[in-house]
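Below is one structure, written out as structure tokens, with a few remarks after it.
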Amino acid sequence: MATPQVAHDSTPEAKITSGLEQNDELEDEPPQPKIRETPEDIKQEAIVNTLAFHPNEDILAAGDIDGDIYLYSYSCTERENKELWSSGHHLKSCRKVAFSSDGQNLFSVSKDKAVHIMDVEAGKLVTRIPKAHSKPINALLLVDENVIATGDDEGTLKVWDMRKGTSFMSLKHHEDYISDIAVDQAKKTLLTSSGDGTMGVFSIKRRRFELLSEFQNGDLTSVSIMKRGRKVVCGSGEGTIYIFNWNGFGATSDRFAVQAESIDSIVPITDSLLCAASMDGVIRAISILPNRVVGSVGQHAGEPIEEIACSRDTRFVASCAHDQLIKFWDISSLPKTSVSDYRRRKKKDGRLKALSSKAFGGGGEFFCGLLDTNEETDKTEEVEDDDSDEEDDSESD
């Protein structure tokens, strides 16, 4: 018997109905996720003190004032930021986090005086050194895969051999907290910035204290090595950046004031350009020799920023502030920024130049009082830069 054939209705009404059904199906499909310029903000339950980017993957670690540590994967695709794990092993505020060079371990220090090492993949505590200091720990630096340095609230620096879990240097030469630690490329010299207004120099090779710089006005809050290792840059609580020559640590070779309430955290972007975060909530891009405030990278409006960190590909700076937000800022254009050796006449409105689409400044009221104090106020079109240039400074290196 022949199979009966189904007649297909090809009337205009049927075609319209079929088209409507197809449109309904398309409407039922979820919209494609939006690709953003930067990852979305991450809202925290407490103020975050410290941030660190993973050296190999799109992962960010954050430590907060409750002692909790969070690990996030981040993405420019909307709704793709994910919490990977959290840890509450610290009993008090987590002051600093740092990844090992291979990204397998996450180190942290805390007000509870302990040093912790977490397994990044498993999110488990693998090593704990309780009472690593007699006072709360404030600073942490990973010197290499086996050696770390820590600094506490009363100015003691310790250097640890993590293979043994013991310190082989314990030196107290600061009269106040150690805010930050840096190491030279050869891994022989440690530099410390302190709340007593001095920078300390310590030899890892000789296991001894070398010298303190002269006292500066206000706390030294951060320290970084720039200009191919020939310059050391310190931020300060008074909003001044201090510059030292390498092997000329006793006195500053240069300094300049940034119109900011403070310079609380600095991170080098290139050999001559850094980002600096302040209590006024603004992240500024700053050129070192020539000394210039280049513009604004971003802001936490009116909220003091605790720390900033730079991603492994120099694409993002992340920041954490008292608004309990972790924000991401696009800095991909900064490495290509060139700064003239000449100072130009000050702009009439005096506002900071916005260096990212998310930064205020394009007529935003927030920057009305944030003038670039490094622009000359004289009436000449251009004047020669009176900052120490690199050739002069290199003679004293």
Side-chain angles (χ1 to χ4, degrees), residues 36-39 53 76 222 224-235 239-243 254-260 263-278 280-300 305 308-319 327-347 349-364 366-367 370-376 381-391 393-394:
R36 300 164 48 93
E37 186 179 79
T38 62
F53 279 97
C76 288
S222 45
S224 288
I225 300 172
M226 300 185 70
K227 292 289 184 180
R228 299 182 183 88
R230 294 189 294 112
K231 299 290 179 181
V232 178
V233 179
C234 290
T240 297
I241 288 182
Y242 295 94
I243 304 173
D254 206 350
R255 69 183 70 186
F256 72 105
V258 179
Q259 186 159 329
I263 302 291
D264 292 322
S265 177
I266 62 176
V267 57
I269 305 302
T270 69
D271 213 35
S272 302
L273 200 68
L274 60 82
C275 283
S278 172
D280 61 18
V282 183
I283 304 169
R284 294 167 172 83
I286 297 175
S287 167
I288 301 298
L289 296 172
N291 299 334
R292 299 282 187 278
V293 176
V294 180
S296 165
V297 170
Q299 66 290 312
H300 293 253
I305 298 174
I308 54 176
C310 182
S311 64
R312 69 186 191 283
D313 53 4
T314 323
R315 184 181 177 189
F316 304 120
V317 158
S319 57
K327 294 188 174 188
F328 296 84
W329 311 98
D330 180 13
I331 60 163
S332 56
S333 64
L334 278 186
K336 295 172 270 188
T337 302
S338 61
V339 180
S340 171
D341 284 341
Y342 291 87
R343 298 190 179 200
R344 299 185 182 278
R345 189 170 54 187
K346 188 163 116 178
K347 297 176 185 176
D349 62 8
R351 294 176 184 174
L352 289 174
K353 178 183 177 182
L355 300 177
S356 73
S357 62
K358 289 166 61 180
F360 295 163
F366 181 68
F367 280 101
L370 299 179
L371 306 186
D372 180 356
T373 58
N374 298 291
E375 299 282 1
E376 289 291 349
E381 236 354 86
E382 292 184 348
V383 294
E384 190 170 356
D385 187 1
D386 60 357
D387 294 317
S388 305
D389 61 35
E390 292 183 55
E391 291 182 2
D393 289 325
S394 63

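In what follows, every heavy atom counts, from backbone to side chain, and hydrogens, waters and symmetry copies are set aside. Since this is a predicted model, take the numbers as computed values, not measurements.
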Discussion item. Testing the basics here: between D271 and R228, what is the closest heavy-atom pair and its distance to 0.1 Å?
Written reply: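 Between these two residues, the closest heavy atoms are OD2-N, 2.6 Å.
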Worksheet item: Can you name the closest pair of heavy atoms from A359 and S296 and give their distance?
Response: CB-O, 3.5 Å
The criterion is side chain to side chain contact (heavy atoms under 4.5 Å, CB included); which residues satisfy it with [X], sequence neighbours excluded?
X    : value
T240 : S236, E238, Y242, R255, A257
S319 : I283, H300, I305, I308, K327, W329
T270 : S272, L273, P335

For the backbone of [Y] and the side chain of [X], can you confirm whether one donor and one acceptor N or O come within less than 3.5 Å of each other?
X    : Y    : answer
R284 : Q259 : yes
D264 : A277 : no
K227 : L289 : yes

Any non-hydrogen side-chain atom of [X] less than 4.5 Å from a side-chain atom of [Y]?
X    : Y    : result
I266 : I286 : no
C76  : F316 : yes
S356 : T38  : no

Side chain to side chain donor-acceptor pair (under 3.5 Å) partners for [X], two or more places apart:
X    : result
S287 : none
S278 : D280
S332 : D330
R36  : none

Practice prompt. Report the C-alpha separation of I269 and V317 in whole Å, then their side-chain angles, then the decisive distance to 0.1 Å, and conclude whether the side-chain contact (heavy atoms from CB on, under 4.5 Å) test is met.
Written response: CA-CA 9 Å; I269 305 302; V317 158; 4.1 Å; yes
Practice prompt. Please round to the nearest 0.5 Å and tell me the distance separating atom CD1 of I241 and atom CG of L274.
Written response: 5.5 Å
Discussion item. Using the rule given for side-chain contact (heavy atoms from CB on, under 4.5 Å), can you reason through C310 versus I331, listing the C-alpha separation, both sets of side-chain angles and the distance that settles it, and then say yes or no?
Written reply: CA-CA 9 Å; C310 182; I331 60 163; 3.9 Å; yes
Item to complete: Taking ring-ring contact (aromatic ring centres under 6.0 Å, His included) as the test, write out the residues that go with F328, two or more places apart.
Response: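 Listed in chain order: Y74.
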Discussion item. Could you walk me through whether L355 and T337 satisfy the side-chain contact (heavy atoms from CB on, under 4.5 Å) test, starting with their C-alpha distance in whole Å, then the side-chain angles of each, then the deciding distance to 0.1 Å, before giving a yes or no?
Written reply: CA-CA 10 Å; L355 300 177; T337 302; over 6 Å; no
